[in-house]
Amino acid sequence: MEGVFPEGLKRLRDADAEVFGIIEDEKVRQWTGIELIASENFTSSPVIEALGSCLTNKYSEGQPGARYYGGNEHIDRIENLCKSRALDAYRLDPASWGVNVQPYSGSPANFAVYTALLNPHDRIMGLDLPSGGHLTHGYYTANGKKISATSIFFESLAYKVNPETGLIDYDKLQERALDFRPKMIICGGSAYPRDWDYKRLYEIAQKAGSYLLCDMAHISGLVAAEEAAQPFEYCDIVSTTTHKSLRGPRAGMIFYRKGAKPTARMSKGEKEGVTYDFEDKINFAVFPALQGGPHNHQIAALAVALKYAKTPEFKAYQKQVRANARAIGKKLMSLGYKMVTDGTDNHLVLWDLKPQGLTGNKLEKACDLCHITLNKNAVVGDVSALAPGGARVGTPAMTSRGLKEADFEQIGEFLHRAVQICLEVQESHGKLLKDWNRGIEENTKLKELAHDVVKFSTSFEMPGFDVKALANYSDFNGKLHGEKN
Ligand code: DSN
């Protein structure tokens, strides 16, 4: 055989029509639908270009300047650039904060923090999943089944939101923390529509003798743009994913304090001049304790995203993300629906469907059938994750396509139509899922809604790829998705 292996220099469309076709179909799905999953976003072409680069070929275990493999001179440049942009994006002084940009994503980042700072079976406290927390913050079910590795390897006691207000009950959290004495308190969530009181959390952590970790994954873009309260002033460690409101590639980061400890942060027995010991512990936990080679293509793509996190356009985008979340929340409330906490401070609303007698999984299914993507979500008091009482609606992705408040009000109208159809099908076919599924799948009103949704979505631009260059664009053009059903 001469030259490189047969597919070495081919285009994907020629080398593997099957995979190429599926990716094209996914592009069509993203372009023609309304994307409301609060943790998703549409990243940019330059980020995708860096992700698809030759950096995926390289092993670089270790840290810049201290690798276990040769040939890393350019990889070191990329990782150092990414780290300095990350600190810059959050206005952090490199003398007092460091960052590890190697975590593959958010869950590994959180487990690296636990591995670094806790011993097996140490105690932790995080927001309960049905209160809007995240699995990796220590979730176990009401009957004690340990769901997350965090609850398997550590002793976790959740704190909760007040069932009446939907707001975090900081008094109760303090009372439980002083009894439980966790080694770490975790703040941050996946479905909490309000800002966090980091000062209060810091005071509680100080009293209880706990580290304070903020997992800012959902709001990391808002934090960068100063459109949310700032966790760095109060927390010891801040972890995040990078593909949500930050609009980067799928990856994770861990920020940690370094240098001399301020007097107010010293623990009993520590003397002036004592320094933080997080840096080595975090770096060691990420590699070699948990991960292997860093994903250099992700790190490069993250560096690209972080460059834009400093721009006025990014600030304007984050402001619009919040304005859009307020607009859709207000619209849905004006139509008689209940939003948990009666509104939002951030990029999402949590919709309580219990007053309608509808479960979130039914709305999710109906929305899927009409090209609106959102997710069922537990609201406080729920026990079933598969048929919970709510749905989560987020604005980062569609705001990246240029939608403003009036557009989100229109989306509110679409969602209202979807709920009404769900309820009509419950009337005609009954509540039992298999009967209801049959009814919803053949519902003609839902097909009309699908048509309107596609017409609406395709009137907006799409970042990340050129829709006109889609292989099936001409096939699609003039023949809306809804009509193919
Ligand atoms: N799975 C993400 C979410 O949807 O919130 C969190 O990691």
Side-chain angles (χ1 to χ4, degrees), residues 30 33-43 103-114 126-139 147-151 156 158 161 166 168 186-196 213-223 228 231 237-254 290 295 298 302 305 321-322 325 339-341 344-351 360-361 363-364 367-368 372-380 382 385-386 388-400:
Q30 291 187 12
I34 295 176
E35 180 55 69
L36 298 176
I37 292 186
S39 47
E40 291 187 14
N41 210 332
F42 297 120
T43 196
Y104 300 146
S105 200
S107 300
N110 283 345
F111 210 79
V113 175
Y114 308 143
L127 182 62
D128 203 21
L129 191 77
S131 281
H134 191 254
L135 272 175
T136 60
H137 300 176
Y139 183 59
I147 303 294
S148 144
T150 315
S151 55
S156 125
V161 296
I168 289 167
I186 305 153
C187 55
S190 284
Y192 188 61
R194 294 295 175 180
D195 226 330
W196 291 75
L213 162 67
C214 172
D215 175 350
M216 64 165 182
H218 263 260
I219 54 167
S220 55
L222 300 175
V223 173
I237 308 273
V238 177
S239 66
T240 187
T241 51
T242 57
H243 47 275
K244 299 187 173 89
S245 54
L246 192 57
R247 206 163 59 189
R250 307 191 83 79
M253 295 193 275
I254 304 168
L290 292 169
H295 290 181
Q298 283 184 313
L302 174 56
V321 163
R322 291 180 70 199
M339 300 299 115
V340 174
T341 78
T344 176
D345 294 330
N346 56 29
H347 62 302
L348 65 85
V349 289
L350 186 58
W351 187 353
N361 56 309
L363 181 62
E364 181 186 295
C367 283
D368 251 347
I372 300 175
T373 314
L374 48 65
N375 64 285
K376 57 183 169 291
N377 211 100
V379 290
V380 66
D382 276 340
L386 292 176
R392 189 180 63 161
V393 175
T395 57
M398 294 309 281
T399 306
S400 289

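Values reported hereafter were calculated over all heavy atoms of this structure, with side chains retained and with hydrogens, waters and symmetry mates removed. Both counts, for ligands and for their atoms, begin at 1 and track the order of listing. Residues take their numbers from the sequence shown, with the count starting at 1.
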Exercise. Which of parallel (below 30°), tilted (30 to 60°) and perpendicular (above 60°) describes His218 and His347?
Worked result: tilted
Problem set entry | Nearest atoms (heavy-atom pairs only) where Ser245 meets Ser220 | OG-N, 3.4 Å
Problem set entry | Results of side-chain contact (heavy atoms from CB on, under 4.5 Å) for Asp345 - residues two or more places apart only | Arg194, Asp195
Show me, pair by pair, the donor-acceptor contacts under 3.5 angstrom made by side chains of residues 129-136, not counting sequence neighbours?
unit_1 : atom_1 : unit_2 : atom_2 : d
Ser131 : OG     : Val161 : N      : 3.0
His134 : ND1    : Thr136 : N      : 3.2
His134 : ND1    : Thr136 : OG1    : 2.8
Thr136 : OG1    : Asn110 : ND2    : 3.0

Exercise. If every non-hydrogen atom of Asn346 is compared with every non-hydrogen atom of Tyr192, which pair is closest and at what distance?
Worked result: ND2-O, 2.9 Å
Seminar exercise, completed: Within the heavy-atom cut-off of under 4.0 Å, ligand 1 is lined by Ser39, His134, Ser190, His218, Lys244, Arg392
Problem set entry | Residues in salt bridge (charged side-chain N to carboxylate O under 4.0 Å, His left out) contact with Glu364, at least two apart in sequence or another chain | Lys376
